[in-house]
Protein chains: 2
Amino acid sequence: MSNNNTGIDRRIRKSKKTLKESLISLMQTKDFREISITDIVELADLNRGTFYKHYQYKEELLEEIMEDVIADLILSYREPYKNGDTFTINELTASVIKIFEHVANYKNIYTLVLKSNALPKLHDRICNELKKLPLEDLEDYRPNPKINAELASSYQAYAILGMIIEWVNTGFTYSADYMAEQLLEIITNRPVNAVFKINHTFNDGQK
Amino acid sequence: MSNNNTGIDRRIRKSKKTLKESLISLMQTKDFREISITDIVELADLNRGTFYKHYQYKEELLEEIMEDVIADLILSYREPYKNGDTFTINELTASVIKIFEHVANYKNIYTLVLKSNALPKLHDRICNELKKLPLEDLEDYRPNPKINAELASSYQAYAILGMIIEWVNTGFTYSADYMAEQLLEIITNRPVNAVFKINHTFNDGQK
DNA sequence: CCACTTATTGTACAGATGTTCATTAACTAC
DNA sequence: GTAGTTAATGAACATCTGTACAATAAGTGG
């Protein structure tokens, strides 16, 4: 077949790259809603037809920008698992830290995109990735059989997204390490004193 | 001043009502993206200028539709606190159940709107309401001072949203009671066996 | 280098958007 | 009921959207 390394025609690669740069550039000073496709192609110095050749609407362009970011998110949380082939808690903790470090690395784009409210699907997209994290391992080694795994997984993923969104809203006033600490703290801090129906047996097992 | 009961001119009330009905009607068969403002006003049999008199764009119309729904959400979780003036765990549990019942009551609109991906702000809007729930009370009566309240609050609110979204995605195959049970189960199920750094002391306090 | 493929361009067009304005109709307060 | 306010209407306009098509340029594989 063709394509030297990326798998695409160089012209496509260039056009897409320019379009992405133009949109991000425009988003620095203009609301996403106010930016027209005409604006984007004019700044990119490309024909409007070129835009429509690759994207249906500007949201799709922004989605692709975020896919690049999410690709790095995936790399980030997988990194700690690269070397070791056996699972250890430290690797998981490291993985959690890496997620927040990743967000901090891309804080400008996360702030821009999350505050622009331009991508309704982004939350779900990020959470679908977070669900792939073996966070259940953080939970309990003898999982509660009553708990619906799908619900718990969605619960956990959106919970982390919630922390990230709060982080973004504060303008990244905390460090990535602090965020990871907080997550671990929240997850491990259980209401041993909860008043209502406690059907579980709390023991201190193989601690 | 004017306005008999709602605080608005009857013409406005009628126009807005008709516009909302038209949009919801169109969303039954058409993707939100595909629906034009012209479509909406034609079905509503109103002048296009009337739309622009009240809304900037169709997302704003849908937002107002959801504000009506959220108004009921607020009523729902507050209901258990109406009569009793003292706080009890049962009221809180009841409040949690009410939230899921509310979503079940509006399952059509929630499904429609969440799957349409038309309202980026909706997640945040719902979570801001959920944050007002005293869910920390479900957590621990002697709260962990290390935990950042804002982060934990956002964590918890988005977590519940995550459950709701998963619920919507399954097509409401569970009952509202089951959802409430699951939430309480997930919250109370703590990793007493967690291997990594446990700086907390687990005691069974004033149980 | 050549033959082939395909991305980009320029142009055109129907429809939608967002705004303006004068006119008409409906509502409110009294 | 009347006077005053304001929402709804219809028309008009510049701009943007989404699509189509033929011509051209750029890239690919051999």
Side-chain angles (χ1 to χ4, degrees), chain A residues 1-27 29-65 68 116-120, chain B residues 1-27 29-65 68 116-120:
Chain A
M1 104 178 349
S2 62
N3 22 67
N4 34 355
N5 51 354
T6 56
I8 335 174
D9 191 311
R10 183 194 297 156
R11 288 170 294 182
I12 301 181
R13 220 162 50 237
K14 279 188 182 176
S15 294
K16 285 193 167 189
K17 186 164 177 284
T18 313
L19 288 170
K20 289 175 188 175
E21 287 167 354
S22 298
L23 176 54
I24 291 181
S25 170
L26 287 167
M27 285 179 75
T29 51
K30 235 182 177 180
D31 258 24
F32 183 76
R33 152 144 256 125
E34 309 293 329
I35 300 171
S36 71
I37 291 170
T38 304
D39 287 338
I40 299 171
V41 294
E42 273 177 5
L43 180 58
D45 194 27
L46 288 170
N47 190 277
R48 203 156 54 85
T50 303
F51 176 93
Y52 285 107
K53 179 92 187 182
H54 302 299
Y55 307 102
Q56 292 185 68
Y57 27 76
K58 55 184 180 168
E59 282 81 3
E60 205 166 289
L61 173 57
L62 189 56
E63 268 174 35
E64 199 168 288
I65 290 173
D68 298 344
S116 79
N117 285 117
L119 290 186
Chain B
M1 64 162 45
S2 62
N3 21 67
N4 34 356
N5 51 355
T6 58
I8 333 175
D9 191 311
R10 183 194 297 158
R11 290 169 292 181
I12 300 181
R13 220 163 49 237
K14 280 188 181 177
S15 295
K16 284 192 167 190
K17 186 164 176 286
T18 313
L19 288 170
K20 288 176 188 177
E21 287 168 354
S22 298
L23 176 55
I24 290 181
S25 169
L26 288 168
M27 285 178 76
T29 53
K30 236 181 178 183
D31 258 26
F32 183 75
R33 153 146 257 123
E34 309 294 329
I35 300 170
S36 71
I37 291 170
T38 304
D39 288 338
I40 300 171
V41 294
E42 272 177 5
L43 180 59
D45 193 28
L46 289 170
N47 190 278
R48 203 155 54 83
T50 304
F51 176 94
Y52 284 107
K53 179 94 187 181
H54 302 298
Y55 307 102
Q56 292 184 65
Y57 28 78
K58 54 184 180 168
E59 283 80 4
E60 205 166 290
L61 173 57
L62 188 55
E63 268 174 36
E64 199 168 287
I65 291 173
D68 297 344
S116 78
N117 285 119
L119 290 187

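Here is how names work: the chains are called A, B, and so on, in the same order as the sequence lines, proteins then strands, and each is numbered from 1. Remember, predicted model here, so these are calculated numbers, not experimental data.
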Whether [X] contacts [N] is assessed here as follows: a side-chain N or O lying under 4.0 Å from the phosphate OP1 or OP2. Is that the case?
{"X": "His54(A)", "N": "dT8(C)", "value": "yes"}
{"X": "Arg11(B)", "N": "dA8(D)", "value": "no"}
{"X": "Ser36(A)", "N": "dT15(D)", "value": "no"}
{"X": "Ser15(A)", "N": "dA7(C)", "value": "no"}
{"X": "Thr50(A)", "N": "dT9(C)", "value": "yes"}
{"X": "Tyr52(A)", "N": "dT19(D)", "value": "no"}

Atom [atom1] of [X] and atom [atom2] of [N]: how far apart are they, to the nearest Å?
{"X": "Ile35(A)", "N": "dC16(D)", "atom1": "CD1", "atom2": "P", "answer": "14 Å"}
{"X": "Ile40(B)", "N": "dG15(C)", "atom1": "CD1", "atom2": "P", "answer": "19 Å"}
{"X": "Gln56(A)", "N": "dC16(D)", "atom1": "CD", "atom2": "P", "answer": "21 Å"}
{"X": "Lys17(B)", "N": "dA7(D)", "atom1": "NZ", "atom2": "C1'", "answer": "18 Å"}
{"X": "Tyr55(A)", "N": "dT8(C)", "atom1": "OH", "atom2": "C1'", "answer": "15 Å"}
{"X": "Ile12(B)", "N": "dA25(C)", "atom1": "CD1", "atom2": "C1'", "answer": "14 Å"}
{"X": "Lys53(B)", "N": "dT19(C)", "atom1": "NZ", "atom2": "P", "answer": "13 Å"}
{"X": "Leu46(B)", "N": "dA8(D)", "atom1": "CG", "atom2": "P", "answer": "8 Å"}

Between Asp45(A) and Ile37(B), which residue's closest nucleotide on DNA chain C lies nearer the 5′ terminus?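 In this pair, the answer is Asp45(A).
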Looking at Glu21(A), is its backbone amide N or carbonyl O close enough to the side chain of Ser25(A) to form a donor-acceptor pair, meaning the two atoms are under 3.5 Å apart?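 Side chain of Ser25(A) to backbone of Glu21(A): no pair is present.
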Is Arg48(B) reaching over with its side chain to a backbone N or O of Val41(B), donor-acceptor style, under 3.5 angstrom?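 No, Arg48(B) side chain to Val41(B) backbone: no donor-acceptor pair under 3.5 Å.
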Classify the side chain of Arg48(B) and the base of dG10(D) as holding, or not holding, a donor-acceptor pair under 3.5 Å.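 Answer is no: no donor-acceptor pair is held.
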Going by modelled atom types, is there a donor-acceptor pair between the base of dG10(C) and the side chain of Asn47(A) at under 3.5 Å?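 By the distance-only test, yes, there is a pair.
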With sequence neighbours excluded, tell me which residues meet ring-ring contact (aromatic ring centres under 6.0 Å, His included) with Phe32(A).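 Partners of Phe32(A) under the ring-ring contact (aromatic ring centres under 6.0 Å, His included) test: none.
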Looking at Arg11(B) and Asp9(B), is there a salt bridge between them, counting it only when a charged N and a carboxylate O are closer than 4.0 Å?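 Result for this pair is yes, salt bridge flagged.
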Once you round to the nearest 0.5 Å, how far does CD1 of Ile40(A) lie from CE of Met27(A)?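 Rounded to the nearest 0.5 Å, the CD1-CE separation comes to 9.5 Å.
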Of the options dC16(D), dC27(C), dA7(C), whose atoms approach the side-chain atoms of Thr38(A) most closely?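 Among the listed nucleotides, the one closest to the side chain of Thr38(A) is dC16(D).
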